[in-house]
Amino acid sequence: SAVISQKPSRDICQRGTSLTIQCQVDSQVTMMFWYRQQPGQSLTLIATANQGSEATYESGFVIDKFPISRPNLTFSTLTVSNMSPEDSSIYLCSVVVGTGPNQPQHFGDGTRLSIL
Amino acid sequence: AQKITQTQPGMFVQEKEAVTLDCTYDTSDPSYGLFWYKQPSSGEMIFLIYQGSYDQQNATEGRYSLNFQKARKSANLVISASQLGDSAMYFCAMREPPGFQKLVFGTGTRLLVSP
């Protein structure tokens with residue numbers, strides 16, 4: 001298991017601004033995942049962040065819009081840039097502790113973001 | 001194509017009854033893992049149960065069990081003796097090679113348990 005702390009837990013932002021979300025894990029993990037959950041929708045993977053290398057983005061997500069940092073094995077940040085109302089979502093950080101296909105992903109409590 | 005399909009947007013069940021939430025999946029790989037998560041209104045994602053593609057028996061965890069039918073590519077979640085606290089969104093998810101790392105989620109089923 002893992003304890004994942006996400007900050008901020010929620011925010012209300014103005015259109016055109018950027019917000020950086022932090023994710024701290026209580027153990028070292030190889031990969032960290034960032035998901036977006038739009039209102040009433042399922043979770044969609046934004047990118048996978050490995051320590052020491054560029055994040056791998058899923059189709060439909062680009063680095064300019066969602067830059068990610070992964071400075072060490074317990075921490076990552078996701079920035080939502082030049083925000084618009086369509087970016088209003090819950091953003092979740094997730095990790096896998098241990099190896100093997102049966103290891104579940106553990107999630108932070110999410111960041112609820114509203115764009116005015 | 002959808003990898004994970006949950007056809008029930010909403011389900012109702014009475015307290016103490018059992019309920020089955022449907023999940024079908026699509027993969028050509030013989031090795032994969034299936035997961036169920038619960039998301040209460042507070043928003044956190046809670047891992048419930050796992051089924052591996054090579055597991056011979058259906059997974060069980062307390063009141064949760066998986067009805068795994070490999071040939072039909074279905075992995076339905078059965079919740080026995082429903083409780084009011086089971087009211088939540090339930091997501092089915094799959095993990096495939098390579099790497100067995102990222103999860104692909106279904107659209108979810110909202111379960112409402114009534115007294």
Side-chain angles (χ1 to χ4, degrees), chain A residues 1-6 8-11 21 23 29-51 53 55-61 88-114, chain B residues 1-10 23 25 27 29-55 57 59 61 64 66 68 75 88-110:
Chain A
S1 187
V3 176
I4 304 169
S5 302
Q6 254 186 264
S9 58
R10 60 178 64 234
D11 208 338
I21 302 167
C23 179
V29 292
T30 304
M31 292 186 184
M32 295 177 80
F33 305 88
W34 287 99
Y35 286 85
R36 181 177 73 181
Q37 187 177 25
Q38 293 176 301
Q41 305 288 318
S42 184
L43 280 72
T44 302
L45 182 64
I46 298 172
T48 303
N50 288 323
Q51 192 262 338
S53 64
T56 302
Y57 288 83
E58 298 297 307
S59 176
F61 297 97
S88 297
S89 297
I90 301 174
Y91 293 86
L92 296 116
C93 170
S94 176
V95 303
V96 177
V97 178
T99 58
N102 62 333
Q103 296 300 316
Q105 282 196 9
H106 300 281
F107 289 82
D109 288 343
T111 297
R112 291 177 185 266
L113 189 54
S114 298
Chain B
Q2 283 278 38
K3 288 276 190 179
I4 298 285
T5 302
Q6 294 180 255
T7 57
Q8 307 155 314
C23 173
Y25 57 92
T27 180
D29 205 293
S31 184
Y32 52 88
L34 297 158
F35 299 78
W36 277 91
Y37 284 83
K38 172 184 178 182
Q39 188 179 41
S41 57
S42 50
E44 71 268 32
M45 293 290 287
I46 302 167
F47 165 68
L48 297 178
I49 196 166
Y50 165 82
Q51 181 82 48
S53 59
Y54 294 118
D55 292 345
Q57 294 187 320
E61 287 286 350
Y64 304 108
L66 245 162
F68 182 46
M89 282 292 289
Y90 288 81
F91 292 99
C92 180
M94 181 170 65
R95 179 187 283 158
E96 298 178 280
F100 290 98
Q101 290 285 349
K102 71 181 185 184
L103 280 177
V104 175
F105 285 85
T107 51
T109 296
R110 181 171 298 282

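The shown structure was predicted, so the numbers you read here are calculated from the model rather than taken from an experiment.
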**Asked** Which heavy atom in Phe91(B) sits nearest to a heavy atom in Gln37(A), and how many Å separate them?
**Response** CZ-NE2, 3.6 Å
**Request:** Determine the minimum heavy-atom distance between Gln105(A) and Leu103(B), stating which atoms define it.
**Result:** NE2-N, 3.6 Å
**Message:** Taking salt bridge (Lys or Arg N to Asp or Glu O under 4.0 Å) as the definition, give me every residue that meets it alongside Glu61(B), ordered by chain and number, with sequence neighbours left out.
**Reply:** none
**Request:** Please state whether the side chain, the backbone, both or neither of Gln39(B) comes within less than 4.5 Å of a heavy atom of chain A.
**Result:** side chain
**Prompt:** Relative to chain A, which segment of Ser42(B) carries a heavy atom at a distance below 4.5 Å: side chain, backbone, both, or neither?
**Reply:** backbone
**Prompt:** Is Tyr50(B) close to Pro104(A) at the side-chain level, that is, under 4.5 Å between some pair of heavy atoms?
**Reply:** no
**Prompt:** Is a side-chain donor or acceptor of Ser42(A) paired with a backbone partner of Gly108(B) at a separation under 3.5 angstrom?
**Reply:** no
**Complete:** Distance col, row Gln103(A):CD vs Phe47(B):CZ, nearest 0.5 angstrom, shows 9.0 Å
**Asked** Is there side-chain contact between Val96(A) and Arg95(B), with heavy atoms separated by less than 4.5 Å?
**Response** yes
**Item:** Listed partners of Tyr90(B) passing ring-ring contact (aromatic ring centres under 6.0 Å, His included), at least two apart
**Value:** none
**Request:** Measure distances from Leu43(A) to the heavy atoms of chain B and classify the residue's part below 4.5 Å as side chain, backbone, both or neither.
**Result:** both
